[in-house]
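In this text, all values refer to a predicted model and were calculated from it rather than measured experimentally. One is the number of the first residue; the rest follow in order along the sequence.
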Amino acid sequence: MKYVYFMLLSLSISVVSAVELTFELDESEKQCFHEAIEQGVQSVVDFQVLDGGKYDVDVTLEAPTGQIIFRGIKKQADTYSWKADTSGVYTVCFSNEFSTFSHKLVYMDFEVGDEKPLPGLEEHLPQMTKMETSSVNIHEHLNTIVDYQTHHRLVESKGRKYAEELCDHVMYWSILEAFVIILSALCQIVVLKGFFTDKK
């Protein structure tokens, strides 16, 4: 059974097109995402494996001509930035085909183009007042804060998952140790009882 779901964090369509999503990648599965990009536009693909196996996937980025412009083998996280040489549909694919047991949880951020200026400032970009300059600086800092928050949420999610798995391992090991101690105590009781029992 497939457990594929998409958690859309943000989607904006303007001069900049940014898509952030988290999806499940089943064992022996490959998923691809497509984005139409104009020639000369700067783009960035950022991804991170949040859960599953050794936290690694294979990644390829393919140009409209079929040329592979980026390839990552068993990557846990990476960021790739490029400027489109030709206009067309660029495809980024995540593959878990090398894994036959564990499925992965993958976060991806696909940004295309430069961010659009704040509303009302397009005509004032060459010469801006102090208030307009301050507004732009605040806007840029807020975007930086959002990026940091997203990064820390991903790290926290990954760390929490690791801590939960470690807690489960400790619990199972403790149960096993308790079982061995009880079994050992019962064996010792039987042996000691045999020493003080008259044989017929």
Side-chain angles (χ1 to χ4, degrees), residues 1-13 16-38 41-115 143-170 172:
M1 183 178 180
K2 272 191 174 181
Y3 298 96
V4 180
Y5 64 90
F6 295 93
M7 182 176 62
L8 192 61
L9 301 176
S10 69
L11 175 61
S12 60
I13 301 175
V16 60
S17 173
V19 177
E20 294 182 67
L21 52 88
T22 303
F23 61 95
E24 284 202 2
L25 191 61
D26 287 342
E27 55 275 8
S28 304
E29 186 185 21
K30 181 178 181 180
Q31 289 192 38
C32 296
F33 303 90
H34 312 276
E35 186 73 30
I37 304 175
E38 297 296 327
V41 174
Q42 187 75 26
S43 304
V44 179
V45 170
D46 181 25
F47 70 92
Q48 181 175 344
V49 182
L50 304 178
D51 186 27
K54 295 182 179 179
Y55 299 91
D56 54 353
V57 292
D58 292 342
V59 184
T60 57
L61 179 61
E62 184 177 332
T65 58
Q67 177 189 4
I68 302 297
I69 58 178
F70 172 76
R71 184 189 302 275
I73 305 298
K74 294 187 177 180
K75 289 277 190 177
Q76 294 184 346
D78 206 347
T79 301
Y80 181 73
S81 176
W82 80 101
K83 183 174 287 187
D85 294 331
T86 57
S87 300
V89 176
Y90 286 75
T91 304
V92 58
C93 293
F94 297 88
S95 173
N96 193 30
E97 294 173 319
F98 59 86
S99 177
T100 55
F101 298 104
S102 59
H103 70 276
K104 312 290 172 64
L105 184 65
V106 183
Y107 163 82
M108 181 191 71
D109 181 9
F110 200 155
E111 296 182 7
V112 178
D114 297 323
E115 187 174 4
N143 286 339
T144 303
I145 291 171
V146 170
D147 291 340
Y148 277 125
Q149 286 178 333
T150 300
H151 171 73
H152 288 301
R153 277 197 299 268
L154 294 175
V155 172
E156 187 272 336
S157 175
K158 190 174 181 179
R160 183 177 66 250
K161 185 64 179 178
Y162 179 77
E164 290 173 353
E165 291 176 353
L166 184 62
C167 181
D168 290 340
H169 292 160
V170 171
Y172 295 144

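Within the model, atoms NZ of K74 and OG of S95 stand 11.0 Å from one another, a figure rounded to the nearest 0.5 Å. For the atom pair CG of L61 and CD1 of I68, the computed distance is 8.0 Å after rounding to the nearest 0.5 Å. Put simply, CD on Q67 and CG on D85 are 7.5 Å apart, with the number rounded to the nearest 0.5 Å. Rounding to the nearest 0.5 Å gives a distance of 9.0 Å between CD of E97 and CG of L25.
In this structure, V92 and M108 have side chains that are in contact, with non-hydrogen atoms separated by less than 4.5 Å. P64 places none of its side-chain heavy atoms less than 4.5 Å from the side chain of V89.
Judged by distance alone, the side chain of S28 and the main-chain N or O of S99 form a donor-acceptor pair under 3.5 Å. Judged by distance alone, with hydrogens and angles left aside, the side-chain atoms of N96 form no donor-acceptor pair with the main-chain N or O of E24 at under 3.5 Å.
With sequence neighbours excluded, the residues that form a side chain to side chain contact (heavy atoms under 4.5 Å, CB included) with Y148 are T144, H152. Residues forming a salt bridge (Lys or Arg N to Asp or Glu O under 4.0 Å) with D78 (at least two apart in sequence, or on another chain): K75. Not counting sequence neighbours, the partners of E156 by the salt bridge (Lys or Arg N to Asp or Glu O under 4.0 Å) test are R160. Partners of Y80 under the ring pair (Phe, Tyr, Trp, His ring centres under 6.0 Å) rule, at least two apart in sequence or in another chain, are F70, W82.
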Chi angles and distances behind the side chain to side chain contact (heavy atoms under 4.5 Å, CB included) call for E27, T100: CA-CA 5 Å; E27 55 275 8; T100 55; 5.6 Å; no
Audit row: V44, T79, side chain to side chain contact (heavy atoms under 4.5 Å, CB included) steps and yes/no: CA-CA 7 Å; V44 179; T79 301; 3.7 Å; yes
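Ring pair F110/Y90: centre-to-centre distance not below 6.0 Å.
Residue pairs meeting the disulfide (SG to SG under 2.5 Å) criterion with at least one partner in residues 55-89, sequence neighbours excluded, do not occur; the list is empty. The stretch residues 48-65 participates, sequence neighbours left out, in these side chain to side chain donor-acceptor pair (under 3.5 Å) pairs: D56-K104.
The neighbour count for Y162 OH, taken as heavy atoms of other residues, nucleotides or ligands under 6.0 Å away, does not exceed 12. Enclosure of atom CD in Q76 by more than 12 non-hydrogen atoms of other residues, nucleotides or ligands within 6.0 angstrom is indicated.
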